[in-house]
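The structure appears below as structure tokens.
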Amino acid sequence: MKLKEIYSVNTAKPVISYEVFPPKNDADGQKLEQLFLELEKLMKYQPSLISVTYGAGGSNQSESVEIIKRIKTDLKTTPMPHFTCVSTSEKNIKNYLKILEQLSIENILALRGDIPGTQEVCHDFKYASELVEYIKKQSSLSVAVAGYPEVHKEAVSPEMDIEYLKNKVDKGADVIYTQLFFNNAHYFNFCEKCQSKGINIPIIPGILPVTNFKTLEKMTSLSNVDIPQDLLTKLNKHKDDKDYIKQTGIEFAIKQCKELIESGVRGMHFYTLNKEYATGKILGNLL
Ligand code: FAD
């Protein structure tokens, strides 16, 4: 099913989607099998879509394809591969689009990608908007893009960040998935600003349940995410107590999601980190 249809289905419940990544250092395929065991447990919450990240450098293109195929065949769910402009070429993107069409994939998340020190963004595509435009011309895929409630770290200003987001929408994006955030006020404010600029496609909040203090530190240092002081104080006090961190992270995410649902969000996109536990506990409480 295409993104437009997924998010136009009229139900009282928000559309649930998950993000997973191709496991690293998985020569014997054990981690991939584990990932599918975790996903199978999450099927009971009836996700409409599972997205698969794409590593910088294209190193995991074949792993991504393998996962996409299995989401479709084994889980009977709609997959959405991510794709980035980093260290690739127009030829490579064209070939990849052909592979996706042969697999009857209907959706893609088009990104610029993060630029590691040693790599360059593809000369053919500098920004995600150019990739969106190219994909729309070359294929019938429905395209999603990324949005940043707390402003992208390289943006010249919050206003320009939204202008460039609008550009991605004007080039043909159907849905926006947001960067993770913990303070819903940033999301509500972002949605308002987008609407005032004429962005009228669904803006789906990205939810990351905190399960590990180090992962939280790493992810937030990469993206300048505001962590509410009361949550940070609690987590900091018990940062070595793994069970406490998990429990507190899950309780926080349940409250956060309840508020988002009350506000009428069309969907919620869970950054599962390839594990069922936290996302399952949250959805078990909500649905
Ligand atoms: P763009 O939309 O191109 O924006 C990048 C920056 O350039 C912004 O600061 C923007 O304001 C600015 N900009 C845009 N257009 C112009 C212009 N014409 N002139 C000047 N400035 C401009 N990364 C991966 O490597 N793999 C993944 O699978 C992946 N999945 C993600 C999924 C989600 C939901 C999100 C939110 C992020 C994901 N990322 C992923 C991270 C993403 O690649 C980075 O945040 C990257 O730095 C920006 O990508 P973008 O598509 O938002 O870029």
Side-chain angles (χ1 to χ4, degrees), residues 3 17-24 49-61 63-65 67-68 79-88 93 96 100 107-135 143-182 186-187 190 193-194 197 199 201-208 218-225 267-274:
L3 289 165
S17 58
Y18 305 140
E19 179 188 287
V20 297
F21 55 85
K24 289 197 183 87
L49 184 91
I50 302 176
S51 84
V52 182
T53 67
Y54 187 87
S59 53
N60 60 12
Q61 188 166 310
E63 290 100 320
S64 292
V65 170
I67 297 175
I68 292 158
M80 178 174 69
H82 298 195
F83 199 81
T84 76
C85 310
V86 174
S87 293
T88 189
I93 292 175
Y96 192 54
L100 296 183
N107 309 300
I108 191 165
L109 175 51
L111 300 141
R112 186 203 62 186
D114 276 322
I115 309 161
T118 53
Q119 287 169 323
E120 281 183 20
V121 171
C122 162
H123 294 298
D124 298 329
F125 305 99
K126 196 166 175 208
Y127 296 109
S129 54
E130 296 163 27
L131 187 59
V132 175
E133 188 173 26
Y134 183 80
I135 295 171
V143 181
V145 292
Y148 302 84
E150 294 175 69
V151 185
H152 185 260
K153 60 193 171 199
E154 294 161 39
V156 286
S157 68
E159 291 71 29
M160 286 312 290
D161 209 27
I162 295 198
E163 280 299 325
Y164 292 132
L165 177 60
K166 170 86 166 55
N167 192 22
K168 296 194 275 193
V169 177
D170 291 344
K171 300 283 188 223
D174 290 317
V175 177
I176 297 164
Y177 290 92
T178 78
Q179 177 70 278
L180 66 99
F181 59 89
F182 297 105
H186 294 301
Y187 170 79
F190 175 67
K193 284 189 181 158
C194 286
K197 289 284 172 195
I199 296 176
I201 61 174
I203 302 177
I204 307 303
I207 307 295
L208 175 79
K218 191 176 154 209
M219 291 199 132
T220 51
S221 73
L222 287 174
S223 55
N224 304 329
V225 170
M268 292 188 297
H269 189 61
F270 287 89
Y271 295 112
T272 67
L273 304 182
N274 290 4

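Read the numbers this way: they start at 1 and go in the same order the structure lists the ligands and their atoms. All figures in this text were calculated on a predicted structure; none of them were measured in a lab.
- Numbered from 1 in the order shown, with element, the atoms of ligand 1 that lie under 4.0 Å from a heavy atom of T84 read 24 (C), 25 (O), 26 (N).
- Applying the 4.0 Å criterion to heavy atoms of D161 picks out, from ligand 1, the atoms 8 (C), 9 (O), 10 (C), 11 (O).
- When the heavy-atom distances from atom 12 (C) of ligand 1 to Y164, F21, Y148 are ranked, the shortest goes to Y164.
- Residue K153 has no N or O atom closer than 3.5 Å to an N or O atom of ligand 1.
- Comment: D161 does not engage K153 in a salt bridge, judged by the lack of any side-chain N to carboxylate O separation of less than 4.0 angstrom.
- Counting heavy atoms closer than 4.0 Å to ligand 1, residue D114 contributes atoms from both its backbone and its side chain.
- The distance from ligand 1 to the heavy atoms of T53 drops below 4.0 Å at these ligand atoms: 28 (O).
- Ligand 1 has an N or O atom lying under 3.5 Å from an N or O atom of A155, backbone or side chain.
- In this structure, the ring of H269 has its center less than 6.0 angstrom from the ring center of Y177.
- For A146, no nitrogen or oxygen atom sits less than 3.5 Å from a nitrogen or oxygen atom of ligand 1, counting backbone and side chain alike.
- The proximity of F125 to ligand 1, defined as any non-hydrogen pair under 4.0 Å, does not occur for either the backbone or the side chain.
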Is there a side chain to side chain contact (heavy atoms under 4.5 Å, CB included) between S129 and Y134? Walk through the geometry before answering.
CA-CA 9 Å; S129 54; Y134 183 80; over 6 Å; no
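- Counting all heavy atoms, side chain and backbone alike, T88 lies closest to C85 at CG2-O, 3.5 Å.
- Smallest separation of non-hydrogen atoms from A110 and L131: CB-CD2, 4.0 Å.
- Between H82 and T53, the side chains place no donor N or O within less than 3.5 Å of an acceptor N or O (distance only, hydrogens not considered).
- Distances between N or O atoms of K126 and those of ligand 1 include no value under 3.5 Å.
- For K166, the side chain to side chain donor-acceptor pair (under 3.5 Å) partners are D170, not counting sequence neighbours.
- The nearest non-hydrogen atom to atom 53 (O) of ligand 1, considering only E163, R112, E154, comes from R112.
- Checked options L111, I108, L109; the residue passing with F83 is I108 (criterion: side chain to side chain contact (heavy atoms under 4.5 Å, CB included)).
- Of all the heavy atoms in Y54 and S64, the pair that sits closest is CD1-OG, 4.3 Å.
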I would like to know whether L165 and I176 meet side chain to side chain contact (heavy atoms under 4.5 Å, CB included); could you show each step before the answer?
CA-CA 9 Å; L165 177 60; I176 297 164; 3.9 Å; yes
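- The shortest N or O to N or O distance between G113 and ligand 1 is under 3.5 Å.
- For ligand 1, the atoms lying closer than 4.0 Å to a non-hydrogen atom of Q179 are 36 (C).
- Backbone and side-chain nitrogen or oxygen atoms of Y54 are examined, and one is located within less than 3.5 angstrom of a nitrogen or oxygen of ligand 1.
- Closest to atom 6 (C) of ligand 1 by heavy atom, among E130, H152, H82, is H152.
- Note: no N/O pair closer than 3.5 Å links N167 and ligand 1 by distance alone.
- Contact analysis puts K168 in contact with ligand 1, with a non-hydrogen atom separation below 4.0 angstrom.
- Nearest heavy atoms, I162 versus K193: CD1-CB, 3.5 Å.
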